[in-house]
Student: 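Here you go, one structure.
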Amino acid sequence: MNLCELRPAEGSREQKWRKGRGHASGNGKTGGRGHKGQGQRSGSGGKAGFEGGQMPLYRRLPKRGFTCRNSKEIVAINVNMLNVFENDTIVDIDALKAVGLISNPRDGVKILGEGDLERKLTVQVNYYSKSAQEKIEAAGGKAEVI
């Protein structure tokens, strides 16, 4: 068998239906668009969401809720997750990313006080809960705000 003898499987490749190629093609003249009207013209289709003058769905549905534009999205991590680091390590946002505890710091990282910390670490993040700060300092480490 040679490379030039390779062929696709029988029936796997159908030719594209070419519109507007004469009467004999079965789809000539108007090319499946019908006679006259908006849909027959090129560039038709109208605006997105337009329903022919009927009140569109996005206007029929009630508005709910409120999104504050000034809110911050804080990523939270518990103290017990910091046990993956070795003693006397500086734990900052880059170190947390490298270990895989966070993927995107968004508007800041906060350490929460769930669990126990068994390592002496210097933690440098944006926010701490009181209990987390106490647990880090009780283990002999430092909780620094950046």
Side-chain angles (χ1 to χ4, degrees), residues 1-21 25-27 30-34 36-146:
M1 174 177 276
N2 294 324
L3 197 60
C4 65
E5 295 171 357
L6 291 176
R7 295 281 176 261
E10 194 63 40
S12 67
R13 289 175 56 94
E14 280 189 30
Q15 276 196 318
K16 195 175 99 182
W17 191 312
R18 298 176 70 215
K19 294 184 174 181
R21 293 297 184 275
S25 71
N27 206 348
T30 56
R33 289 173 176 264
K36 299 184 182 176
Q38 182 184 21
Q40 185 259 344
R41 312 285 184 213
S42 67
S44 71
K47 291 191 288 187
F50 184 68
E51 298 182 17
Q54 173 177 298
M55 187 63 69
L57 182 66
Y58 74 92
R59 288 188 61 194
R60 277 180 274 158
L61 297 174
K63 292 195 204 105
R64 291 267 308 161
F66 169 77
T67 304
C68 180
R69 290 186 292 162
N70 299 323
S71 66
K72 290 185 176 179
E73 201 172 335
I74 308 297
V75 179
I77 296 174
N78 285 312
V79 162
N80 60 354
M81 294 173 135
L82 300 178
N83 287 321
V84 296
F85 293 100
E86 298 297 323
N87 277 328
D88 298 317
T89 307
I90 295 176
V91 179
D92 57 357
I93 292 172
D94 293 328
L96 292 169
K97 268 188 186 177
V99 173
L101 290 176
I102 61 172
S103 57
N104 182 357
R106 302 190 191 278
D107 295 320
V109 177
K110 183 171 185 172
I111 305 293
L112 303 177
E114 177 100 8
D116 294 316
L117 183 64
E118 294 129 21
R119 309 288 160 98
K120 180 184 169 189
L121 303 171
T122 303
V123 186
Q124 299 173 340
V125 293
N126 308 90
Y127 308 99
Y128 298 91
S129 68
K130 273 188 182 174
S131 59
Q133 201 161 3
E134 290 166 3
K135 288 180 182 183
I136 291 168
E137 289 166 0
K142 291 181 193 169
E144 297 175 2
V145 177
I146 55 169

Student: Return yes when atom CD of Glu14 has more than 12 non-hydrogen atoms of other residues, nucleotides or ligands closer than 6.0 Å, and no otherwise.
Tutor: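 Not more than 12 within 6.0 Å, no.
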
Student: Between Ala139 and Arg119, which heavy-atom pair has the shortest distance, and what is it?
Tutor: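 In terms of heavy atoms, the two residues are closest at CB-O, 3.5 Å.
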
Student: If I take atom CG from residue Leu117 and atom CD from residue Glu134, how far apart are they, to the nearest 0.5 angstrom?
Tutor: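 CD of Glu134 is found 13.5 Å from CG of Leu117.
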
Student: Mind checking side chain to side chain donor-acceptor pair (under 3.5 Å) for Gln124 and listing every partner two or more places apart, or none if nothing turns up?
Tutor: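 Listed in chain order: Glu144.
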
Student: Can you confirm whether Asn104 sits close enough to Val75 that some side-chain heavy atom of one is under 4.5 Å from a side-chain heavy atom of the other?
Tutor: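 Counting from C-beta outward, Asn104 and Val75 never come under 4.5 Å.
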
Student: Could you give the distance from NZ (Lys130) to NZ (Lys135), rounded to the nearest 0.5 Å?
Tutor: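 Going from NZ on Lys130 over to NZ on Lys135, the span is 15.0 Å.
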
Student: Write down the atom of Ile74, the atom of Tyr127, and the distance for their closest heavy-atom approach.
Tutor: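 Result for this residue pair: CD1-CE1, 3.5 Å.
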
Student: Which heavy atom in Arg13 sits nearest to a heavy atom in Pro8, and how many Å separate them?
Tutor: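 Scanning both residues, the minimum pair turns out to be CD-CG, 3.4 Å.
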
Student: For residues 69-92, which residue pairs qualify under side chain to side chain donor-acceptor pair (under 3.5 Å), counting only residues two or more places apart or in two chains?
Tutor: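 Sorted pair list: Glu73-Arg106.
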
Student: Any idea which heavy atoms bring Lys110 and Ser129 closest together, and the distance?
Tutor: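 Closest approach of Lys110 to Ser129, heavy atoms only: CE-N, 4.0 Å.
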
Student: Rounded to the nearest 0.5 Å, how far does CD1 of Ile136 lie from CG of Leu82?
Tutor: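 CD1 of Ile136 is found 6.0 Å from CG of Leu82.
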
Student: Rounded to the nearest 0.5 Å, what separates atom CZ in Phe85 from atom CG in Leu96?
Tutor: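 Taking CZ in Phe85 and CG in Leu96, the distance rounds to 5.0 Å.
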
Student: For Asn27 and Gly32, which heavy atoms make the closest approach, and how far apart are they?
Tutor: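 Asn27 and Gly32 have their closest heavy atoms at OD1-N, 3.1 Å.
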
Student: Using the salt bridge (charged side-chain N to carboxylate O under 4.0 Å, His left out) rule, collect all pairs that involve residues 59-68, keeping only residues at least two apart or in two chains.
Tutor: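 Counting only pairs at least two positions apart or across chains, the salt bridge (charged side-chain N to carboxylate O under 4.0 Å, His left out) contacts touching residues 59-68 are Glu51-Arg60.
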
Student: Can you tell me how far apart CD1 (Ile93) and CG (Asn126) are? Round to the nearest 0.5 Å.
Tutor: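 Reported value, rounded in 0.5 Å steps: 4.5 Å.
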
Student: Between atom CG of Leu61 and atom CE of Met55, what is the distance when rounded to the nearest 0.5 Å?
Tutor: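 Going from the CG atom of Leu61 to the CE atom of Met55 covers 12.0 Å.
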
Student: Are there over 12 heavy-atom neighbours, none belonging to Arg21, within less than 6.0 Å of that residue's CZ?
Tutor: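 Enclosed: over 12 neighbouring heavy atoms sit under 6.0 Å from CZ of Arg21.
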
Student: If you look at every heavy atom in Ser131 and Gly113, which pair is closest and at what distance?
Tutor: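 Closest approach of Ser131 to Gly113: OG-CA, 3.4 Å.
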
